[in-house]
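See structure below.
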Number of protein chains: 2
Amino acid sequence: MTKRPADPADDGAAAVRQVPMRDFSRSLPMSLLRAREAVMRQFRPSLREHGLTEQQWRILRALAAIDTVEVTELARTAFLLGPSLSRILRDLEARNLIERKTAKADQRRSMVSISEKGVKLMASVAPSSEAIYAEITRRFGARKLVELQEMLGELERSLAELGKAEEASAEE
Amino acid sequence: MTKRPADPADDGAAAVRQVPMRDFSRSLPMSLLRAREAVMRQFRPSLREHGLTEQQWRILRALAAIDTVEVTELARTAFLLGPSLSRILRDLEARNLIERKTAKADQRRSMVSISEKGVKLMASVAPSSEAIYAEITRRFGARKLVELQEMLGELERSLAELGKAEEASAEE
DNA sequence: CGCATTCACTTAACATGTTAAGTATCTTCG
DNA sequence: CGAAGATACTTAACATGTTAAGTGAATGCG
């Protein structure tokens with residue numbers, strides 16, 4: 001048992017377990033993941049009843065507010081990656097919930113808007129969705145909710161510029 | 001007839017939709033999603049260099065701390081759904097990063113543990129991972145980080161029992 | 001004991017996340 | 001003008017999220 005290499009460069013596989021890192025369940029990504037899941041768990045059943053996924057609902061909501069947008073801008077608004085958005089728009093268009101037409105000025109751009117049917121679907125989902133949000137707010141506390149969201153925004157801003165320097169210096 | 005200029009900005013963006021709901025970008029799920037993405041964006045490149053996804057890393061971390069667990073318990077610890085875990089364990093086992101053997105007492109249960117190779121891989125990733133976490137902590141502030149995590153935990157607890165009553169009354 | 005239930009996973013099927021490659025269009029600049 | 005580069009998507013490929021169904025092994029109970 002006293003067999004222990006004095007050289008710190010030597011790995012000593014057995015020693016690894018003595019460095020457990022932070023308690024796993026308390027890591028920030030985990031906390032965020034669990035919190036978000038707790039929230040989304042409330043919404044999913046209602047959305048599902050209306051045949052919508054969380055992301056599809058995000059897109060419809062974004063479209064309802066913006067009226068008409070190009071795909072790239074919609075991706076930023078709904079916080080979806082291009083490929084995901086591309087697939088979802090294809091499906092939503094097939095279900096006639098959105099409409100698409102290429103911009104005249106720039107044939108590359110595709111302008112997206114919510115359809116009449118999409119508006120109606122939103123109207124049928126919104127009440128229950130709002131009710132759930134209200135209940136969450138009530139349980140957690142309206143003031144704390146605002147405070148939490150401010151902290152989340154601040155965290156986001158704190159990390160916004162992190163990792164840009166590397167790309168600039170290590171481009172290939 | 002004067003041919004209308006192809007400028008799309010002239011249609012006046014007709015009356016904004018009626019029921020705007022909360023500002024979309026300020027919804028709680030969105031705030032949580034964005035914050036988590038801002039954090040994970042920092043870790044992914046490093047993990048990727050070592051051939052690991054976020055979830056695979058979660059599993060290895062959980063295993064390193066627990067030594068040996070059954071799959072269901074691991075799912076709870078790593079916060080993964082059964083099917084996802086099942087697939088990932090299959091792959092990690094094929095890469096010899098974990099080991100599996102069915103429990104003697106109960107043939108249904110499968111006991112999972114990290115392998116020697118898995119331990120070494122962890123040791124090679126941990127330093128950079130810890131450095132990134134330290135930088136995030138430094139940028140956001142250690143105290144605020146703790147505060148944020150407490151709020152997240154509280155939010156989670158607030159919603160823990162929500163939605164259980166329905167199932168009890170509306171079982172099919 | 002025997003059989004319906006429950007349990008611990010695993011498979012299946014479909015949707016999204018993530019990165020890389022492809023395609024068509026537009027822009028730039030010689 | 002015209003080829004190189006930039007843009008705005010779209011496809012492809014692989015991994016995970018999510019729900020439902022399947023499989024084999026315990027358990028409960030008459």
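Order of the sequence lines fixes the chain letters, A, B, ..., with proteins taken first and strands second; residue numbering starts at 1 for each chain.
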OP1 or OP2 of C/dA8 under 4.0 Å from side-chain N/O of B/Thr72: no

Would you call [X]-[Y] a salt bridge at under 4.0 Å N-O?
X        : Y        : result
A/Arg138 : A/Glu135 : yes
B/Glu93  : B/Arg90  : no
A/Arg44  : A/Glu37  : yes

Are any side-chain N or O atoms of B/Ser115 and backbone N or O atoms of B/Asn96, one a donor and one an acceptor, separated by less than 3.5 Å? yes

Using heavy-atom distances to pick each residue's nearest nucleotide on DNA chain D, tell me which of A/Ser86 and B/Ala105 is more 5'. A/Ser86

B/Arg34 side chain near A/Leu152 side chain, heavy-atom distance below 4.5 Å: no

So do the side chains of B/Leu145 and A/Leu155 get within less than 4.5 Å of each other, counting heavy atoms only? no

Regarding [X], tell me which of base, sugar-phosphate or nothing describes its non-hydrogen contacts under 4.0 Å with the strands shown.
X        : result
A/Arg90  : nothing
B/Glu73  : nothing
B/Arg48  : sugar-phosphate
A/Ser110 : sugar-phosphate
A/Leu85  : nothing
A/Arg41  : nothing

Starting at the 5' end of DNA chain C, which residue's closest nucleotide do you reach first, A/Gln56 or A/Arg108? A/Gln56

Assign each of A/Asp106 and A/Ile88 the nucleotide of DNA chain C bearing its closest heavy atom; nearer the 5' end lies the nucleotide of A/Ile88

I'd like the 5' and 3' limits of the part of DNA chain D contacted by chain B, with heavy-atom contacts below 4.0 Å. D/dA15 to D/dA26

Under the criterion salt bridge (Lys or Arg N to Asp or Glu O under 4.0 Å), I'd like the reasoning laid out for A/Lys144 against A/Glu147: C-alpha separation, chi angles, the key distance, then a yes or no. CA-CA 5 Å; A/Lys144 277 197 297 191; A/Glu147 198 183 335; over 6 Å; no

Expressed in angstrom and rounded to an integer, what is the separation of B/Leu74 atom CG from C/dT10 atom P? 11 Å

